[in-house]
> 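Just passing along the structure, written as structure tokens.
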Amino acid sequence: MPTIFRIAVPVPLPRLFDYTPPRGGDDAPILPGSRVLVPFGRRQLVGCVVSSSPVSDVPAERLRPISRVLDSRPLLDGGDLRLLRWAAEYYHYPLGEVLAAAFPVLLRRARSAEEAVRRYGLTDAGRAQVPDELKRAPRQRQLLAWLQAQAGDVEEELLDSLEWDWRQVLRILCDKGWVAVRDCPLEQPAVVPGVSLHKPGPALNPEQDAAVAAVAAALGGFKAFLLEGVTGSGKTEVYLRLIQQALEQGRQVLALLPEIALTPQLEARFRERFAVPVGLFHSGLTETERLRVWLAAQRGALPILLGTRSAVFTPMPALGLILVDEEHDASFKAQDGFRLHARDVAVMRARLGGVPIVLGSATPSLETVHNARRGRYQRLQLSKRAGEALPPRVRLVDLRNQRLEAGLSPALRGAVAETLAQGEQALLFLNRRGYAPVLICHGCGWVARCRRCDANDVVHAKQQRLRCHHCGADQALPSVCPDCGSDDLRPLGQGTERVEQVLRSFYPGVGLARVDRDSIRHKGELERILDDVHNGKAQLLLGTQMLAKGHHFPNVTLVGVLDVDGGLFSVDFRAGERLAQLIVQVAGRAGRGDKPGTVLLQTHHPEHPLLHSLLREGYAGFARDALAERQAAGLPPFSHQALLRGEATERSAPQVFLQELAEWVRRETPEVFALGPAPAPRERLAGRYRWQLLLQSGNRAALHRLLEKLLRHAETLPAAAKLRWSVDVDPADLY
DNA sequence: AGCACGCCGACT
DNA sequence: GTCGGCGTGCTC
């Protein structure tokens, strides 16, 4: 009786495929979690064994044998597979693709883990060979000369920098005996028992002490915590103490951060405290580095893994604790393909793995606040700022009837001047890059719009370009109106580039640094600018959201937010939450050390209730009122959502398809509301038409049952073939 | 997603 | 007479 293996294959099909054992195979068992090479149609694909069974629903004559077993022992254990299966089910995404996403790219190839990184080196004969003797083989000559110029063995990744197909040529050099393959077994880091401290931490305040004690008591079982602490309240020290305890029990720790940019700071804190290896895992690494870290974690040989969203599935057999820092950050939610939310997956990982998880933030998401209130998460509060720093004063600046200069009110201009006069630094936020968001013709009213998107082009004055910030389309700035020929083209509104220009004329001789995606092109530039701020060369700092995260400016005593209103009156119900988080975050940038800070918020709506609760009672008061509004409106977290998106080059296809689905949903169940379909906020993007259908329900199980059924139903609709469509469970923004 | 097969327009 | 457009169907 042959065994049947159920295998997840990286194709967008929501099912597993059955295979028979490899032909002429030895008797070594093939266990779930092992990668295998399988024939799939005409191709050979790397799949992953999920389970085995004595029988198959597929007729025996259609079953094909596994071509090759790639892993003699599984790379994923039962717990890993359980989490991945849960994620595939919850996000309604094909298990094969979920599994593929859990492996680093180098393990999605048909090689064993030991061979995944292959090195090549010259033999003695190869070193002795004179390349120029290869007169009739220019490619061989070139490759040999290149190899001789390298210091030692080279990895495939380095050969790829040649940008031509070196594989064939290299094979010839190998056949001639000039080059040898050196599979380098990945170094196996020694398992570090326990923990050795480089240095002990500072004494804890009573709140930190209580937080550490609460989580430490939960080590060894599942429990979720919300660690709520303002900037500078010592969250990191709590993390360090908890890591220490987990390490002392011989367990591994997974710490997730929203962005690559934040990893070095935390990494440095970890390394100065613990004398154990700390692995980094994020998209900024090379594939070889990612593979090494992944395998070390998978072998239990990496005590601490610090990573971004993509690290959440990394196997860690001795996992004892999960930390999610800045848990409210939108970067944890993937915005394309497999749209997972790494924070939510991490909570499930902790639950399945029986370990505690700590979600840290000064401004927790309303979902998390809600969970804490319901008692699902235990709330731990850190309210004291370290070093006796005074909290900043936050004031509203009423913009109504004010004379604005480049979007700056007289009150803000005065405050900046005063701050500079006292030799202190000021920080201004404007969430719009470029010179001006609109170019309009004063002669006929023509407005520069993107040809492929429903969006205005943005003026970039310095480079004399018009750019679409949605699709990246880029063209020369016209000198006359393309419609009427008038030469009176006027930029409307403010971007950071224009505000920078105006600030330079207001404050001549003052060091000004602008930080946005246009001014920070290369890595290292941000660090240089931040250095200028720290050493005082830059007194005035202007930037987009890039500036809000993770940087400390001790001498900044004034923060101005130029335009707060966008967050108050958005179609997106989460805009207010994001605005409140931004305000609290930037307020945390001001007035550290001995100088109290001031935060000025420019608004046309100084009476807005959410601004008031935020100013009077802080983020907690805001969260209470915002949650009350969400509850009254039946919005998340008081209901659950899934968004169906459709896009096609043909205009009506997405609407027709989603309309059909909406009607089907309404017939199917009264428990799920279908809102729409409606055109996406930007219906046309990069030449494609986009519509969406929002599904909402007070009952999560009912929503998921319906989605399951909907996916099977949609497969049968002819209209489905005319567009690309996808499901987004728990959509973060409705775009 | 790939990758085939299949059935109708502009070229050697 | 062929090359090639992308519709539709399938992958254990």
Side-chain angles (χ1 to χ4, degrees), chain A residues 1-25 29-71 74 81 84-85 87-89 91-110 310 334-340 644-654 656-657 660 686-690 711-728:
Chain A
M1 183 58 112
T3 310
I4 301 299
F5 294 100
R6 314 217 67 212
I7 292 171
V9 175
V11 288
L13 300 170
R15 51 187 152 270
L16 298 174
F17 292 85
D18 291 358
Y19 287 84
T20 55
R23 265 199 263 279
I30 304 169
L31 297 170
S34 300
R35 294 171 311 130
V36 290
L37 187 68
V38 291
F40 194 78
R42 234 136 278 235
R43 303 175 285 164
Q44 293 282 323
L45 295 179
V46 175
C48 183
V49 179
V50 171
S51 60
S52 58
S53 149
V55 289
S56 171
D57 296 337
V58 179
E61 66 274 14
R62 292 184 61 194
L63 293 175
R64 298 164 77 183
I66 290 170
S67 305
R68 191 147 57 90
V69 179
L70 300 170
D71 303 315
L81 283 171
L84 290 160
R85 292 175 80 157
E89 224 168 87
Y91 290 104
H92 297 273
Y93 206 70
L95 181 57
E97 300 213 87
V98 171
L99 270 153
F103 287 111
V105 167
L106 289 175
L107 289 177
R108 295 177 215 169
R109 302 192 190 156
S310 57
Q335 289 299 349
D336 50 59
F338 175 24
R339 303 176 104 104
L340 81 163
L644 302 177
R645 301 163 208 269
E647 60 168 75
T649 46
E650 203 270 304
R651 179 166 214 149
S652 67
V656 167
F657 172 70
E660 208 175 333
R688 304 177 68 87
Y689 293 91
R690 309 174 313 144
L711 285 160
R712 274 184 281 129
H713 171 68
E715 273 187 349
T716 68
L717 297 178
K722 295 190 169 65
L723 80 166
R724 291 210 314 236
W725 63 283
S726 63
V727 182
D728 185 353

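Lettering of chains follows the sequences in order, A, B, ..., and the numbering in each one begins at 1. Quantities reported herein were computed from a predicted structural model and do not represent experimental measurements.
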> Could you list the donor-acceptor pairs under 3.5 angstrom formed between side-chain atoms of residues 37-47 of chain A and any protein atom two or more places apart in sequence or on another chain?
from: Gln44(A); atom 1: OE1; to: Ser67(A); atom 2: OG; distance (Å): 2.7

> Side chains of Pro74(A) and Leu81(A): closer than 4.5 Å at any heavy-atom pair?
no
> Between Leu95(A) (CG) and dT11(C) (P), how many Å, whole number?
19 Å
> What integer distance in Å separates Leu13(A):CG from dT8(C):P?
18 Å
> Please, what dot-bracket string fits DNA chain C when only Watson-Crick and G-U pairs with both distances under 3.5 Å count, crossing ones use [ ] and pairs to another strand use |?
|||||||||||.
> Does the side chain of Arg62(A) get closer than 4.0 angstrom to OP1 or OP2 of dT11(C) through an N or O atom?
yes
> Is Phe40(A) touching bases, backbone alone, or none of the nucleic acid, heavy atoms closer than 4.0 Å?
base
> Can you measure Glu715(A) atom CD to dT11(C) atom P for me and round it to whole angstrom units?
13 Å
> Measure CD/Glu650(A) against P/dG7(C) and give the value in whole Å, please.
12 Å
> Report yes if at least one side-chain N or O of Arg42(A) is closer than 4.0 Å to OP1 or OP2 of dC3(B); otherwise report no.
no
> Could you tell me how far apart Asp18(A) (CG) and dT11(C) (P) are, to the nearest whole angstrom?
13 Å
> Test Leu95(A) against every option in Leu16(A), Ile7(A), Val9(A) by the side chain to side chain contact (heavy atoms under 4.5 Å, CB included) rule and name the one that passes.
Leu16(A)
> Base, sugar-phosphate, or nothing: which does Pro10(A) touch, judged by heavy atoms less than 4.0 Å apart?
nothing
> Could you please spell out the steps behind the side chain to side chain contact (heavy atoms under 4.5 Å, CB included) verdict for Val36(A) and Phe5(A)?
CA-CA 10 Å; Val36(A) 290; Phe5(A) 294 100; over 6 Å; no
> With a 4.0 Å cutoff (strictly under), does any side-chain N or O of Arg43(A) reach OP1 or OP2 of dG2(B)?
yes
